[in-house]
Amino acid sequence: MTKKMVGQSAAVYGISVAAELVGLGQQTLRQYENKGLIEPERTAGGTRRYSDLDLVRLRRIAELLACGLNLAGIRMVLGLEAANLKLRRELKDARQLSAKGDE
DNA sequence: CTTCTAACA
DNA sequence: TGTTAGCA
């Protein structure tokens, strides 16, 4: 591992740079957190630190928002999406286990 | 930087 | 309802 850290959320941005990168306002990002759409890390002082994954999440929020969903609906969609991924992982593991036992 | 409040489309 | 502006 040299240049591409396979790890996901290493980098951390302040709210102002995160807002600019995603093209949203700072107050809007705080609102998203208030509505439970996203939960960025916090420094000891209480400042938000947005990871690269958070930026992707923010763009997904903007996309769903453009589709006509409200913040409450987006929260549910993100939750269902996370649950879906979890189920996929469990299914994948279960498949590998049964394959081994079958051989 | 944080939170809160108020106003607008 | 979501976004923005101003204050503490």
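Protein chains get the first letters and strands the later ones, always in sequence-line order, with residue 1 at the start of each. What you see is a predicted model; the values in this text were computed from it and never measured.
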- Query: Can you name the one residue among A/Ile61, A/Asp54, A/Ile74 that meets side chain to side chain contact (heavy atoms under 4.5 Å, CB included) with A/Tyr32?
  - Reply: A/Ile61
- Query: How many Å lie between CD on A/Gln26 and C1' on B/dT2, as a whole number?
  - Reply: 11 Å
- Query: Looking at B/dT2, C/dT4, C/dG2, which one has an atom nearest to any side-chain atom of A/Ile15?
  - Reply: B/dT2
- Query: CZ of A/Arg30 versus P of B/dT5: gap in Å, rounded?
  - Reply: 15 Å
- Message: So, OP1 or OP2 of B/dC1: does either fall under 4.0 Å of a side-chain N or O from A/Thr43?
- Response: no
- Note on the structure: Whole-Å distance, A/Leu29 CG to B/dT2 P, equals 10 Å
- Does some side-chain heavy atom of A/Gln96 sit less than 4.5 Å from a side-chain heavy atom of A/Lys92? yes
- Task: Give A/Arg42 one of three labels, base, sugar-phosphate or nothing, depending on what nucleic acid heavy atoms sit under 4.0 Å from its own.
- Result: sugar-phosphate
- Query: Is a donor-acceptor contact shorter than 3.5 angstrom present between the side chain of A/Gln27 and the base of C/dG6?
  - Reply: yes
- Message: Looking only at the side chain of A/Asn70 (C-beta and beyond, no hydrogens), which of the listed nucleotides C/dT3, C/dG2, B/dT2 gets closest?
- Response: C/dG2
- Any A/Tyr32 side-chain N or O less than 4.0 Å from OP1/OP2 of C/dT3: yes
- Item | OP1 or OP2 of B/dC1 under 4.0 Å from side-chain N/O of A/Ser16 | yes
- Item | A/Leu64 and its side chain to side chain contact (heavy atoms under 4.5 Å, CB included) partner, picked from A/Asn70, A/Leu69, A/Leu71 | A/Leu69
- Message: Within the 4.5 Å heavy-atom criterion, are A/Leu21 and A/Tyr50 side-chain neighbours or not?
- Response: no
